[in-house]
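Following: one structure in structure tokens, then a few remarks.
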Amino acid sequence: METKVNELPPYVEDIPTEKHEAKRRREIIKNEYIRLLEKLQRKYGKKAVYNEFLQTDVYIIMRESEKKASNSAAFNWQSTYAVKHLETVIKDAVPMEGKPIYSLPKATGKQKEFRYVNMATLFYSFASDQHDYLNFTVKLVMGVKTDGRHVQYSVNKVEMA
């Protein structure tokens with residue numbers, strides 16, 4: 001049986017696409033964070049990716065970045081796919097027209113717990129000529145610390161109107 005170009009396969013880059021596979025995607029996310037952190041430390045001597053638009057390093061802190069991602073990005077395969085490509089997402093994310101970049105953190109929950117003074121939101125669009133299912137946009141949210149340091153907080157697929 002031939003698979004259509006637009007038909008979603010059961011796996012995309014070893015990521016299960018079935019809705020009930022959140023537990024497996026959570027494992028992939030954790031392993032991807034570990035792999036990326038090790039790569040960044042070896043290559044650059046720091047656990048950060050430079051964002052071209054903001055012209056700042058975006059730090060990846062396991063207890064903040066991976067914790068949020070494994071709780072939210074595991075729910076759909078596109079968000080997990082974005083984590084697999086997190087270095088590129090962070091590097092090339094840009095604002096979306098009509099959306100503010102900076103906002104105040106939520107008064108309760110993890111954003112308050114991690115002591116962010118601001119939240120920064122940028123977007124990255126994946127594009128593929130071969131597969132329609134690889135055309136989607138993700139939202140990259142960063143927490144900003146009092147010293148101005150940006151920390152990757154979450155990355156999730158966004159629905160476009």
Side-chain angles (χ1 to χ4, degrees), residues 12-15 17 22 24-128 133-161:
V12 174
E13 289 188 16
D14 296 326
I15 300 167
T17 58
R24 175 69 185 116
R25 287 191 292 270
R26 196 169 283 115
E27 291 172 24
I28 291 169
I29 289 166
K30 182 177 183 175
N31 291 334
E32 283 301 316
Y33 270 99
I34 291 168
R35 182 195 62 74
L36 178 58
L37 287 168
E38 289 173 352
K39 175 186 171 189
L40 293 172
Q41 188 65 44
R42 268 192 326 272
K43 195 171 179 180
Y44 304 111
K46 60 184 174 182
K47 296 175 181 177
V49 177
Y50 189 77
N51 175 266
E52 300 289 338
F53 178 81
L54 295 175
Q55 297 186 349
T56 191
D57 281 327
V58 176
Y59 289 85
I60 299 171
I61 300 173
M62 196 71 165
R63 71 181 179 279
E64 296 177 35
S65 305
E66 185 273 331
K67 187 174 200 169
K68 175 65 176 167
S70 67
N71 288 332
S72 58
F75 290 109
N76 68 59
W77 73 267
Q78 293 100 328
S79 297
T80 305
Y81 184 87
V83 170
K84 281 192 92 163
H85 299 273
L86 189 57
E87 186 174 6
T88 300
V89 170
I90 292 172
K91 179 180 174 284
D92 296 333
V94 295
M96 184 177 285
E97 190 174 326
K99 302 265 187 195
I101 297 171
Y102 290 99
S103 62
L104 293 175
K106 293 178 182 170
T108 60
K110 293 293 178 199
Q111 293 178 8
K112 180 181 179 183
E113 181 184 322
F114 295 144
R115 295 189 173 125
Y116 298 140
V117 295
N118 273 312
M119 302 303 291
T121 303
L122 297 177
F123 297 84
Y124 179 84
S125 293
F126 288 96
S128 171
Y133 58 82
L134 288 177
N135 294 312
F136 60 93
T137 300
V138 293
K139 176 171 67 172
L140 171 68
V141 179
M142 297 154 281
V144 183
K145 301 285 190 169
T146 55
D147 62 2
R149 190 169 40 124
H150 287 60
V151 177
Q152 186 263 324
Y153 178 67
S154 69
V155 59
N156 290 297
K157 179 186 179 273
V158 293
E159 298 299 328
M160 303 303 281

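The analysis underlying the following values was restricted to heavy atoms, covering all of them including side chains, and did not include hydrogens, waters or symmetry mates. Note that the structure is predicted; figures quoted are calculated from it, not measured.
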How long is the span from the [atom1] atom in [X] to the [atom2] atom in [Y], to the nearest 0.5 Å?
X: Ile60; Y: Leu86; atom1: CD1; atom2: CG; value: 5.0 Å
X: Thr56; Y: Ile90; atom1: OG1; atom2: CD1; value: 11.5 Å
X: Glu87; Y: Asp92; atom1: CD; atom2: CG; value: 10.0 Å
X: Gln78; Y: Asn135; atom1: CD; atom2: CG; value: 11.0 Å
X: Tyr116; Y: Leu104; atom1: OH; atom2: CG; value: 15.0 Å
X: Tyr133; Y: Tyr81; atom1: OH; atom2: OH; value: 9.0 Å

Over all atoms of both residues, closest heavy-atom pair of Thr137 and Ser125 = OG1-OG, 2.8 Å

Atom of Pro105, atom of Val117 and distance for their closest heavy-atom approach | CD-O, 3.4 Å

Side chain [X], main chain [Y], donor-acceptor under 3.5 Å:
X: His150; Y: Gly148; value: yes
X: Thr121; Y: Val141; value: no
X: Asn156; Y: Lys139; value: no
X: Thr80; Y: Ala73; value: yes
X: Ser65; Y: Gln152; value: yes
X: Lys145; Y: Phe114; value: yes
X: Asn51; Y: Val58; value: no

Met142 side chain near Leu54 side chain, heavy-atom distance below 4.5 Å = yes

Look at atom NZ of Lys84 and say whether more than 12 heavy atoms of other residues, nucleotides or ligands are closer to it than 6.0 Å.
-> yes

Salt-bridge contact Lys110-Glu113 (side-chain N to carboxylate O under 4.0 Å) = yes

Thinking salt bridges, do Glu38 and Arg35 make one under a 4.0 Å N-O criterion?
-> no

Side chain to side chain contact (heavy atoms under 4.5 Å, CB included) between Leu37 and Glu66: does it pass, once the steps are laid out?
-> CA-CA 11 Å; Leu37 287 168; Glu66 185 273 331; over 6 Å; no

Kindly indicate, with the supporting measurements, whether the criterion side chain to side chain contact (heavy atoms under 4.5 Å, CB included) is fulfilled by Arg25 and Ile15.
-> CA-CA 7 Å; Arg25 287 191 292 270; Ile15 300 167; 3.9 Å; yes

Side chain to side chain contact (heavy atoms under 4.5 Å, CB included) assessment of Lys112 paired with Lys106 | CA-CA 6 Å; Lys112 180 181 179 183; Lys106 293 178 182 170; over 6 Å; no

Which pairs pass ring pair (Phe, Tyr, Trp, His ring centres under 6.0 Å) with one or both residues in residues 33-75, sequence neighbours excluded?
-> none

Could you check whether the rings of Phe136 and Phe126 sit parallel, tilted or perpendicular, using 30° and 60° as the cut-offs?
-> tilted

